[in-house]
Colleague: 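A single structure is presented below for examination.
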Protein chains: 2
Amino acid sequence: MRWDALEEEPCSMARTIGVIGDRWTLLILRECFLRTRRFEGFQSALGITRHLLAERLKKLVRQGVLRRIPYQDSPKRHEYILTQKGLDLYPIMMAIVHWGDTHMVDTRGRPLLHEHRKCGKNFDPVMVCSECGEPLSAKEVHIHPGPGARTSPATKAPEKPKAKTRRSAA
Amino acid sequence: MRWDALEEEPCSMARTIGVIGDRWTLLILRECFLRTRRFEGFQSALGITRHLLAERLKKLVRQGVLRRIPYQDSPKRHEYILTQKGLDLYPIMMAIVHWGDTHMVDTRGRPLLHEHRKCGKNFDPVMVCSECGEPLSAKEVHIHPGPGARTSPATKAPEKPKAKTRRSAA
DNA sequence: ACTTAACAGTTCGATTTTAGAACTATGAGG
DNA sequence: CCTCATAGTTCTAAAATCGAACTGTTAAGT
């Protein structure tokens with residue numbers, strides 16, 4: 001399976017993984033939310049190779065997550081800022097951070113605290129139902145095929161039923 | 001940077017990315033939440049190579065996200081089920097799906113709909129503040145160093161300030 | 001008894017990605 | 001002219017992934 005194949009799967013998760021589903025991309029996006037905007041800033045904060053950084057930034061721009069805008073002429077320089085599509089990744093980032101805060105902290109505790117400006121308190125992100133406002137857990141959610149589901153009726157199809165191996169097919 | 005170096009960074013996001021931050025791991029976890037439990041099930045649903053699948057499952061078990069439990073003797077067979085630590089990844093999964101539903105759908109619409117058993121309605125996940133219940137956005141959140149922050153006072157340090165390149169350092 | 005099948009992996013050569021380091025390009029400042 | 005800052009590009013070596021076949025265990029069919 002190639003990376004671009006992911007984006008054509010009838011699964012919002014696979015498509016999203018095609019965009020942000022690799023280590024460096026996620027770390028670059030972390031930096032974006034921490035207000036890093038420039039090539040050198042990403043490079044020195046992350047220790048990513050310049051080659052990969054250039055490639056990942058290009059990909060994120062192509063996908064509309066970042067916008068590349070000039071901040072000076074002569075020499076032409078650009079910086080990378082989150083589009084609305086990119087800003088909408090915030091819940092994903094917060095969910096990732098929160099899981100790490102819950103399950104991956106050492107004895108010293110959390111590396112970062114998040115303060116909600118509106119209420120002034122340090123908080124955790126909680127995922128709730130848009131309809132009733134109750135917190136969500138996997139067991140309370142039932143999945144249906146939607147209008148964009150694959151044409152076959154089942155939730156998913158094997159697509160490769162030929163599992164001929166062992167002792168040569170001859 | 002190696003994968004295991006990520007898990008020692010003083011950043012909950014980096015640590016989490018060390019666990020789930022690759023394409024196949026995320027897709028394997030998707031299958032877990034869709035109730036896949038067995039090796040062949042993962043393999044045929046995803047088209048992942050058996051080699052990688054075995055490796056990723058082992059890693060997820062080692063990290064306490066999945067538990068490998070026998071479901072029959074003779075021949076000994078095991079299945080992989082989510083631990084509580086694994087189930088806690090649900091908000092991440094939902095956030096990823098929701099971003100895809102918002103930004104990556106084709107003309108036909110969403111591949112899947114999610115129904116909340118408690119209220120009976122199709123819903124979107126919304127991330128709110130644990131303290132005041134208001135929906136969160138990046139701009140309303142202020143970050144402080146927590147007790148597990150790196151020893152230097154700044155939010156982050158370059159760690160590699162020596163950027164000697166160009167025309168030999170001699 | 002022999003053959004086929006299901007399941008859960010392991011092994012191995014070929015291809016693709018990533019790492020690591022140097023190099024290019026443009027203009028500023030001394 | 002030399003050096004620095006910024007933003008890349010290019011190159012080779014190392015690591016990860018792919019694709020396909022192979023191993024081992026037991027049940028079922030003939």
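Quick note on labels: first sequence line is chain A, next is B, and so on, each numbered from 1.
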Colleague: Go through C:dT18, C:dG20, D:dA7 for me and flag the one nearest to the A:L52 side chain.
Modeller: C:dT18
Colleague: Once hydrogens and angles are ignored, does a donor-acceptor distance under 3.5 Å link the base of C:dA8 to the side chain of B:R50?
Modeller: yes
Colleague: Report the distance from atom CG of B:D22 to atom P of D:dA15, rounded to the nearest whole Å.
Modeller: 18 Å
Colleague: What is the distance, rounded to the nearest whole Å, between atom CD of B:E79 and atom P of C:dG9?
Modeller: 12 Å
Colleague: List the residues meeting ring pair (Phe, Tyr, Trp, His ring centres under 6.0 Å) with B:H116, not counting sequence neighbours, and say none if there are none.
Modeller: B:F123
Colleague: Would you please name every residue forming a ring pair (Phe, Tyr, Trp, His ring centres under 6.0 Å) with A:Y80, sequence neighbours left out?
Modeller: none
Colleague: If you find the nucleotide of DNA chain D closest to B:H51 and the one closest to A:R68, which residue's nucleotide is nearer the 5' end?
Modeller: A:R68
Colleague: Could you check whether B:K118 pairs with A:E131 (Lys NZ or Arg NE/NH1/NH2 to Asp/Glu carboxylate O, under 4.0 Å)?
Modeller: no
Colleague: Please figure out whether A:R56 or B:E40 has its closest DNA chain C nucleotide nearer the 5' end.
Modeller: B:E40
Colleague: Just how far, in rounded Å, is P of C:dC7 from CZ of B:R38?
Modeller: 8 Å
Colleague: Would you call B:D106 and A:R15 a salt bridge, taking side-chain N to carboxylate O under 4.0 Å as the test?
Modeller: yes
Colleague: Is B:K59 close enough to D:dA16 that one of its side-chain N or O atoms is under 4.0 Å from OP1 or OP2 there?
Modeller: no
Colleague: Do any side-chain nitrogens or oxygens of B:K58 fall under 4.0 Å of OP1 or OP2 in C:dA8?
Modeller: no
Colleague: In whole Å, I'd like the distance from the CZ atom of B:F42 to the P atom of C:dC7.
Modeller: 14 Å
Colleague: Rounded to whole Å, please give me the gap between CZ in B:R77 and C1' in C:dA5.
Modeller: 11 Å
Colleague: Check every strand shown and say whether A:Y71 touches a base, only sugar-phosphate, or nothing at a heavy-atom separation below 4.0 Å.
Modeller: sugar-phosphate
Colleague: D:dC18 phosphate, OP1 or OP2: any side-chain N/O from B:W24 under 4.0 angstrom?
Modeller: yes
Colleague: Heavy atoms from C-beta onward define the side chain here; which of C:dA28, C:dG9, D:dC18 lies closest to that of A:S74?
Modeller: C:dA28
Colleague: Would you please confirm or rule out a distance under 4.0 Å between OP1 or OP2 of C:dA19 and any side-chain N or O of A:R23?
Modeller: yes
Colleague: In this structure, how many angstroms lie between the C1' atom of D:dT17 and the CG atom of B:L27, rounded?
Modeller: 15 Å
Colleague: Salt bridge check: are A:R38 and A:E31 linked by an N-O gap of less than 4.0 Å?
Modeller: no
Colleague: Assuming nearest nucleotide by heavy-atom distance, tell me which of A:P75 and A:A54 is located more 5' along DNA chain D.
Modeller: A:P75
Colleague: Grab the CD-P distance between A:E55 and C:dG20 for me, whole Å please.
Modeller: 16 Å
Colleague: Any carboxylate oxygen within less than 4.0 angstrom of a Lys/Arg side-chain nitrogen, looking at A:K85 and A:D88?
Modeller: no
Colleague: Establish, with yes or no, whether the OP1 or OP2 oxygen of C:dC7 is under 4.0 angstrom from a side-chain nitrogen or oxygen of B:R37.
Modeller: no
Colleague: Output the rounded distance in Å from CG (B:L53) to C1' (D:dA16).
Modeller: 16 Å
Colleague: With a non-hydrogen cut-off below 4.0 angstrom, is A:Y80 in contact with a base, only sugar-phosphate, or nothing?
Modeller: sugar-phosphate
